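Atoms within a ligand are numbered from 1 in the order they appear, just like the ligands themselves. Computed from a predicted structure; not experimentally measured.
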Amino acid sequence: MKMITAIVNKKDSGEVCDALAEEKFSFTRMATTGGFLKSGNVTLLIGTEDDKVDAAIALIRKHCAQRMEPIPSVVSAGVPAFGYYKAEVLVGGATIFVSPIERFEKM
Ligand code: 2BA
């Protein structure tokens with residue numbers, strides 16, 4: 001068994017969760033905050049059999065898009081001589097970790 005930890009953009013999370021539920025994956029959705037942008041994203045914990053990991057990742061890939069997002073601290077930093085400037089970073093898609101599960105119990 002494996003645990004997939006998937007950090008997805010909040011804008012894609014609804015579609016990703018609907019697709020996972022439709023394919024009968026069990027998962028937990030958590031509201032999280034990115035350490036760099038300090039804006040909300042969604043972390044999904046998906047416990048699944050080894051042979052279903054690729055299918056879960058394919059679903060996430062299908063429903064997540066990369067986007068340019070502004071960096072708030074830079075947007076608000078004024079440089080009087082040069083005016084205000086706006087910096088952006090490319091935000092995935094999704095960031096995914098797959099970890100082995102030693103023991104799984106439900107009671
Ligand atoms: P954030 O930490 O808010 O990062 C948002 C985006 O900012 C990142 O997109 C990346 O393009 C950029 N970024 C992050 N740290 C940076 C830095 N020190 N300098 C310059 N740019 C930086 P993604 O890489 O697609 O990450 C999206 C979100 O996934 C992250 O939100 C974070 O919540 C999570 N994440 C990404 N890598 C992770 C990791 N190794 N461990 C844990 N969480 C991670």
Considering heavy atoms of the protein only, find what lies nearest to atom 33 (O) of ligand 1 and give residue, atom and distance to 0.1 Å. Asn41 ND2, 3.0 Å
Any N/O pair Ile7/ligand 1 closer than 3.5 Å: no
Whether over 12 other heavy atoms sit under 6.0 Å from Asp54 CG: no
List the closest protein heavy-atom neighbour of atom 26 (O) of ligand 1: residue, atom name, distance to the nearest 0.1 Å. Thr95 OG1, 3.8 Å
Quick one: does ligand 1 sit under 4.0 Å from the side chain of Thr33, the backbone, both or neither, non-hydrogen atoms only? neither
State yes or no: do Met3 and Phe104 share one hydrophobic cluster built from I, L, V, M, F, W and Y residues joined by side-chain heavy-atom distances below 4.5 Å, directly or via other members? yes
Can you name the atoms of ligand 1, numbered from 1 with element, that are less than 4.0 Å from a heavy atom of Gly34? 1 (P), 2 (O), 3 (O), 31 (O), 33 (O)
Is Val89 in polar range of ligand 1, meaning some N or O pair under 3.5 Å apart? no
Heavy atoms only: which of Gly92, Gly93, Ser39, Cys64 lies closest to atom 23 (P) of ligand 1? Gly92
For ligand 1, is Gly35 a contact, meaning one of its heavy atoms is under 4.0 Å away? yes
Mind checking whether Leu37 contacts ligand 1 via backbone (N, CA, C, O), side chain (CB onward), both or neither, at a 4.0 Å heavy-atom cut-off? both
Among the clusters formed by ILVMFWY side chains lying less than 4.5 Å apart, do Leu59 and Val98 turn up in the same one? yes
Check Gly40 against Lys10 and note the closest heavy-atom contact, atom names and distance. O-CB, 3.9 Å
Would you mind checking if Glu69 and Lys11 are paired as a salt bridge, meaning a charged N to carboxylate O distance below 4.0 Å? yes
Distance filter under 4.0 Å to Phe97 heavy atoms, resulting ligand 1 atoms: 39 (C), 40 (N), 41 (N), 42 (C)
Is it the case that ligand 1 has an N or O less than 3.5 angstrom from some N or O of Val91? no
Lys62 bridged to Asp12 by N-O distance under 4.0 Å: no
Which value, rounded to the nearest 0.5 Å, describes the distance between Ile101 atom CD1 and Glu49 atom CD? 11.0 Å
